[in-house]
Amino acid sequence: MFKHDVCDALKAALSKLGWKPPRLLEDTLEKPPDPKLGDLASTICFDLAKSLHKSPTWLAVELSKVIKPVGLIARVEVVGNYVNFFVNVPKLTELTLRAVEEADEEYGHLKAGKRKVVIEHTSVNPTKPLHIGHGRNAVIGDTMARVLRALGYQVEVQNYIDDMGRQVAETLLANQLIKRKPRAKFDHVLGLIYAEMHRRIGQDAKLEERVRGILAELERGKGKRVVTAKRLTQRCVEANLETTDRLGVSYDLLVWESDIARSGILVEVLERLRATPHVTEGTGERVGTLVLRLADYGIDDKVLVRSDGTAVYTARDIAYQLWKFGQTKSGLRFRLHSKRPDGSKTYTTSQRGKSIARFGQADKVINVVGAEQRFPQRVVFTALKVLGLEQESQNSHHLAYEHVWLPSGRFSGRKGTWVGFSVDDVVEEAVTRAHVVVEEHAPKAGERFKQEAAEFVGVGAVRYSLLSTSPEKRITFRWEDALNFDRNSGPAVQYSHARACSILRKVKRRGGKHPSDVFKLPQEARLVKLLARFPEVVREAGEKLQPNLPALYAAELALAFNTFYEVAPVIDAETPELRAARLRLVNCVRITLRNALELMGMVAPERM
RNA sequence: GGGCCCGUGGCCUAGCCAGGAUAGGGCGGCAGCGUCCUAAGCUGUAGAUCGAGGGUUCGAAUCCCUCCGGGCCCGCCA
């Protein structure tokens, strides 16, 4: 709002002087290094100095003479070469507080129309538990889904389950050969016997042959193995979903690779690709294969179909991507899978399901996939272009994230290095630790409260620690980060929310009008400015696919609220007017913190 | 060999895409704050050649080039 007013004022001043704006006015604006210098500064005089051949200082003075303080602008000051704008704090305060109060749970939300977004995330092989790196994927994806929903998109979250891959084949063999199974949650059992089997296969060529046999059987889609595979992978997915439920992550649709394989989508898409000039038979070493040639697009060629006739992963991904956009003739069948704890429904693809067209049909697709898959993702998006789906290609986004590492190195499902670092393990440890802290903090509270608090604090800490680092940076897993309850943590945000609630709980009557100039403290102004920024943060997070922005923002707001809390008595404020005004402010902080927590999939507790 | 990502105080991190004034936070360190709305808090303080070098520019953490360190991709693998 303020930014907009400043641009308007600059534009008017420039046209009055007959000076041409050198570039987008908004791009000349920045935050001064010291709030005493102003709330926004324009560096436009540096640009004008070049085109008009005058000193920037002189230009700044001349410009400031004709700038009219409109809207939220209180005054304009020139410091050196900068034109600095001060916001009218009382005006901004009234506008912001009213906006927050009126929108309430919608504050920060936008109505961006009815466009539909499909977000694919998690997509773990159904042969193991989620380790903390998968947790990062799920939390990033889930947060993006929440952000885009807030922005008014119709969001559909899909979890792709590859129940036909080599890992499944090895797991089937493991299940058959390893009689003494460890006692654990089902996905952990599979993960453990898979690692053991992988070790044995490395030592025994006969086992390798058997794996290939099983793989071929799965590929054919007929026989006892297929039934067993379905049973095991389904149970594994159920176990995985227990984990994601606990994290507050949910899915609209589970997409099974085997269902896609039998739907005819892959065959259809390959057929269409074959009809384009970019897809040809392989030559030389690649005789008998089908190759996607992308030199025209500056990308290496990619084999789509092996000489034995089977399709590579990328080919399946292309087919799936087309389906997400509703660009295939063949379709899938669906049935209700379950109701999630948050009340939402999860559907699954199914051979026996009813065919309903409401899934897919996306305007925009976001794939939350590891950064190492940048090349194959690019191939997929380029393949859409090859098929003439220019729009769909441009509306395809790879939200690439780097993996979570242990201090000792990478996670490996094959080597089983995830043991002790599964999402289940980490969340359990965090909740246990949180319980100790809750115990210290509220010894007299009931056990039920303590358990609930420990749960949302533990989960909040884990979610925040996975979310707050920008996705393109590798995270080295350290227990002290995942179990961080200090400021700049998930629980710190929750704590500030609970504090705000606590104040509001203690007063019977709140609200009412207040003279807009009762606020005097810089801490109050800072809070107001932060509150005003929230919608922009949400928008930017959605547009740039940066799910860490809400996390950073929430921590900043929580910190600012704590600072305010120390210096500004609310209930015992000096005057009734100030008390009423501060109550409004606290309530608006409460609303905004809650909405931010909601975006991050974290509980906003009234007490903790 | 070709390409992509990362490198910011002891540790973690924001800022980089859209160059601007004194590089923001947090952890840890040190020194303080308990009659008072939740101390999971607050205040103060020390600590940074923004990986290195060069270039562009009035101005570079930010743009360009080279190099160094770490990671990843370039399979009929999965």
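In the text below, chain A, chain B and the rest are named by the order of the sequence lines, each starting its count at 1. The shown structure was predicted, so the numbers you read here are calculated from the model rather than taken from an experiment.
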- Spacing of A:Leu294 atom CG relative to B:G2 atom P, expressed in whole Å: 21 Å

- Item | Distance below 4.0 Å between A:Tyr565 side-chain N/O and B:A39 OP1 or OP2 | yes

- Item | Between B:G70 (C1') and A:Trp405 (CH2): distance, integer Å | 8 Å

- Could you check how far OH of A:Tyr313 sits from P of B:C73, rounded to whole Å? 16 Å

For residues 540-553 of chain A, tabulate all N or O donor-acceptor pairs below 3.5 Å that involve a side-chain atom, not counting sequence neighbours.
from, atom 1, to, atom 2, distance (Å)
A:Glu540, OE2, A:Lys544, NZ, 2.9
A:Glu543, OE2, A:Arg539, NH1, 3.3
A:Tyr553, OH, A:Leu530, O, 2.7

Contacts under 3.5 Å, N or O only, protein and nucleotides 29-35 of chain B:
none

- Note on the structure: Assert: residue with more 5' nearest nucleotide on RNA chain B, out of A:Tyr495 and A:Arg378, is A:Arg378

- Just wondering, do A:Glu574 and A:Lys520 contact through their side chains at under 4.5 Å, heavy atoms? no

- Determine whether any donor atom in the side chain of A:Asn562 lies under 3.5 Å from an acceptor atom in the base of B:A39, or the reverse, and answer yes or no. no

- Nearest-Å distance once atom C1' is located in both B:C42 and B:C36: 14 Å

- With a cut-off of 6.0 Å (strictly less than), are more than 12 heavy atoms of other residues, nucleotides or ligands near CD of A:Glu606? no

- Message: Checking A:Arg487 now: which residues fulfil salt bridge (Lys or Arg N to Asp or Glu O under 4.0 Å) with it, not counting sequence neighbours?
- Response: none

- Pairwise P distance for B:G70 and B:U56, with rounding to whole Å: 31 Å

Acceptor/donor pairs from residues 307-319 of chain A side chains to any protein atom, 3.5 angstrom cut, sequence neighbours excluded:
from, atom 1, to, atom 2, distance (Å)
A:Asp308, OD1, A:Thr310, N, 3.0
A:Asp308, OD1, A:Thr310, OG1, 2.7
A:Thr310, OG1, A:Arg306, NH1, 2.6
A:Tyr313, OH, A:Asp162, OD2, 2.5
A:Arg316, NH1, A:Glu257, OE2, 3.0
A:Arg316, NH2, A:Glu219, OE2, 3.4

- Check the angle between the aromatic planes of A:His403 and A:Tyr401 and answer parallel, tilted or perpendicular using the 30° and 60° thresholds. parallel

- Assert: residue with more 5' nearest nucleotide on RNA chain B, out of A:Gln167 and A:Leu37, is A:Leu37

- Item | Residue A:Thr43, side-chain atoms from C-beta onward, closest of B:C42, B:G20, B:A21 | B:G20

- Query: Are A:His398 and A:Gln373 linked by a side-chain donor-acceptor pair shorter than 3.5 Å?
  - Reply: no

- Note on the structure: For RNA chain B, consecutive-pair runs of 3 or more (Watson-Crick or G-U wobble, both H-bond-type distances under 3.5 Å) give B:1-7 with B:68-74, B:10-13 with B:24-27, B:29-33 with B:41-45, B:51-55 with B:63-67

- Message: Going by the rule salt bridge (Lys or Arg N to Asp or Glu O under 4.0 Å), which residues pair with A:Glu209 if we only count those two or more places apart in sequence or in a different chain?
- Response: none

- Item | Presence of A:Arg487 side-chain N/O under 4.0 Å of B:C42 phosphate oxygens OP1/OP2 | yes

- Message: Among residues 24-36 of chain A, which ones have heavy-atom contacts with RNA chain B below 4.0 Å?
- Response: A:Asp27, A:Glu30, A:Pro32, A:Pro33, A:Asp34

- Item | Base B:C42 to side chain A:Thr563, donor-acceptor N/O within 3.5 Å cut-off | no

- Taking atom P in both B:A14 and B:G29, what distance in whole Å separates the two? 23 Å

- Phosphate-side-chain proximity, A:Arg286 and B:G75, N/O vs OP1/OP2 below 4.0 Å: yes

- Message: Can you check the distance between B:G25 and B:C72, where both ends of the measurement are the P atom (answer in whole Å)?
- Response: 35 Å

- Residue pair A:Ser42 / A:Thr28, side-chain donor-acceptor N/O under 3.5 Å: yes

- Task: Using distance alone, with no hydrogens and no angle criterion, decide if A:Ser258 and A:Asp163 have a side-chain donor and acceptor under 3.5 Å apart.
- Result: yes

For nucleotides 55-62 of chain B, list the nitrogen or oxygen atoms of the protein found under 3.5 Å from its nitrogen or oxygen atoms, one pair per line.
none

Under 3.5 Å, which donor-acceptor pairs do the side chains of residues 559-570 of chain A form with other protein atoms, sequence neighbours left out?
from, atom 1, to, atom 2, distance (Å)
A:Asn562, OD1, A:Ser496, OG, 3.2
A:Asn562, OD1, A:Arg499, NH1, 3.0
A:Thr563, OG1, A:Leu559, O, 2.9

- Whole-Å gap separating C1' (B:G75) and CG (A:Asp301): 13 Å

- Roughly how far apart, to the nearest Å, are B:U35 and B:U22 at atom C1'? 41 Å

- Are A:Tyr82 and A:Phe46 close enough that their ring centres sit under 6.0 Å apart? yes

- Message: Say we look at B:G44 and B:A60: how far apart would their C1' atoms be, to the nearest angstrom?
- Response: 33 Å

- Which whole-number value in Å describes the distance from A:Gln373 CD to B:C73 P? 9 Å

- Task: Counting heavy atoms from C-beta on, name the nucleotide in B:C74, B:G25, B:A21 closest to the side chain of A:Ala41.
- Result: B:A21

- With P as the reference atom in both, quote the distance from B:U49 to B:C11 in angstrom, rounded to an integer. 12 Å

- Message: Between C1' on B:C73 and CD1 on A:Ile299, what's the gap in Å once rounded to a whole number?
- Response: 13 Å

Donor-acceptor pairs under 3.5 Å, side chain of residues 288-298 of chain A to any protein atom, not counting sequence neighbours: which ones?
from, atom 1, to, atom 2, distance (Å)
A:Thr289, OG1, A:Arg286, O, 2.6
A:Arg293, NE, A:Thr280, OG1, 2.5
A:Arg293, NH1, A:Asp301, OD2, 3.2
A:Arg293, NH2, A:Thr280, OG1, 3.2
A:Arg293, NH2, A:Glu281, O, 3.3

- In the 5'-to-3' direction, what one-character label does each nucleotide of nucleotides 4-14 of chain B receive under the scheme B = base within less than 4.0 Å of a protein heavy atom, S = sugar-phosphate only, - = no such atom? SSSSB----SS

- Can you name the salt bridge (Lys or Arg N to Asp or Glu O under 4.0 Å) partners of A:Glu217, sequence neighbours left out? A:Arg225

- Face-to-face stacking of A:Tyr82 with B:A21, centres under 5.5 angstrom, angle under 30°: yes

- Query: Closest approach of A:Thr127 and A:Tyr194, non-hydrogen atoms and distance?
  - Reply: O-CB, 4.5 Å

- Item | Closest nucleotide among B:C76, B:A18, B:C37 to the A:Arg23 side chain | B:A18

- Query: A:Thr417 and A:Arg410: which non-hydrogen atoms are nearest, and at how many Å?
  - Reply: OG1-O, 3.7 Å

- Message: Under a 3.5 Å cutoff, is there a donor and acceptor pairing between the side chains of A:Arg584 and A:Asn587?
- Response: no

- Query: On a whole-Å scale, what distance lies between the C1' atoms belonging to B:G47 and B:A23?
  - Reply: 14 Å

- Message: Testing the basics here: between A:Ala498 and A:Met608, what is the closest heavy-atom pair and its distance to 0.1 Å?
- Response: CB-CG, 3.8 Å

- Note on the structure: Taken to the nearest whole Å, CD/A:Gln546 to C1'/B:C16 is 11 Å

- Task: Mind telling me whether A:His131 and A:Phe411 have parallel, tilted or perpendicular rings, with 30° and 60° as the class edges?
- Result: parallel

- Figure out the CD/P separation between A:Glu219 and B:C76, and round it to whole Å. 17 Å

